[in-house]
Amino acid sequence: QVQVTESGGGTVLAGGSLSLSCRVSGGTSNRYHMAWFRQAPGTEREFVAHLDWTMKRTYLADSVKGRFAISGDSAANTLILRMNNLEPEDTATYFCAARMNRIVVSGIRRAENWYYWGQGTQVTVSS
């Protein structure tokens, strides 16, 4: 059974920083493709970041470019989201998502294309 576990959320003042970690374990695959999404109350889940292990390329939502960075270790199925210069608009529950097969670029931003999800970690940014 695949387990997706996030950690690292918390409460910070605007302009502060946080790092989120995600680890995928279990299942039959040695490597999982992973991404970060977030969801604020009353809104749809939105894409935040993805690291393409194969192409060694990162993808970030426009709203976080220049402030967030994604890194990870494909052999360990871990993904890190470093969030700098946080804004109140970043307040949300952040979810790590995973799938076994590599996803085409056109599909990475759609939540329905990701099959395994963590329970989420809360990030609150106060002004």
Please check if the side chain of [X] supplies one atom and the backbone of [Y] the other of a donor-acceptor pair under 3.5 Å.
X   : Y   : answer
H50 : T58 : no
N77 : N30 : yes
N85 : R67 : no

Next item on the list: Name the orientation class of the two ring planes belonging to F68 and Y94 (parallel below 30°, tilted from 30 to 60°, perpendicular beyond 60°).
Entry: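 Rings of F68 and Y94: tilted, 30 to 60°.
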
Atom of [X], atom of [Y] and distance for their closest heavy-atom approach:
X   : Y    : result
Y59 : F47  : O-CZ, 3.6 Å
T91 : Q122 : CG2-NE2, 4.0 Å
F95 : E6   : CA-OE2, 3.4 Å
A14 : P88  : CB-CD, 4.1 Å
Q39 : T43  : NE2-O, 3.0 Å
L86 : L18  : CD1-N, 3.9 Å

Quiz: residues 98-108 side-chain donor-acceptor pairs under 3.5 angstrom, not counting sequence neighbours:
{"unit_1": "R99", "atom_1": "NE", "unit_2": "N101", "atom_2": "O", "d": "2.7"}
{"unit_1": "R99", "atom_1": "NH1", "unit_2": "N113", "atom_2": "O", "d": "2.6"}
{"unit_1": "R102", "atom_1": "NE", "unit_2": "D52", "atom_2": "OD1", "d": "3.2"}
{"unit_1": "R102", "atom_1": "NE", "unit_2": "D52", "atom_2": "OD2", "d": "3.1"}
{"unit_1": "R102", "atom_1": "NH2", "unit_2": "D52", "atom_2": "OD2", "d": "2.9"}

Next item on the list: Give the C-alpha distance, both sets of side-chain angles, the deciding distance and a yes or no for side chain to side chain donor-acceptor pair (under 3.5 Å) between T78 and R23.
Entry: CA-CA 4 Å; T78 59; R23 182 173 181 270; over 6 Å; no

Is the closest side-chain heavy-atom distance between [X] and [Y] below 4.5 Å?
X   : Y   : result
R38 : D90 : yes
T54 : R31 : yes
V48 : M83 : no

Next item on the list: Sorted by first residue and then second, give each disulfide (SG to SG under 2.5 Å) pair with at least one member in residues 83-127; sequence neighbours left out.
Entry: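 Only C22-C96 qualify under disulfide (SG to SG under 2.5 Å).
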
Check: Would the number of heavy atoms belonging to other residues, nucleotides or ligands and lying under 6.0 Å from CD of E112 be above 12?
Finding: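 More than 12 heavy atoms, drawn from other residues, nucleotides or ligands, come within 6.0 Å of this atom.
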
Check: Considering residues, nucleotides and ligands other than R110, do more than 12 of their heavy atoms fall under 6.0 Å from its CZ?
Finding: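 Open: at most 12 neighbouring heavy atoms sit under 6.0 Å from CZ of R110.
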
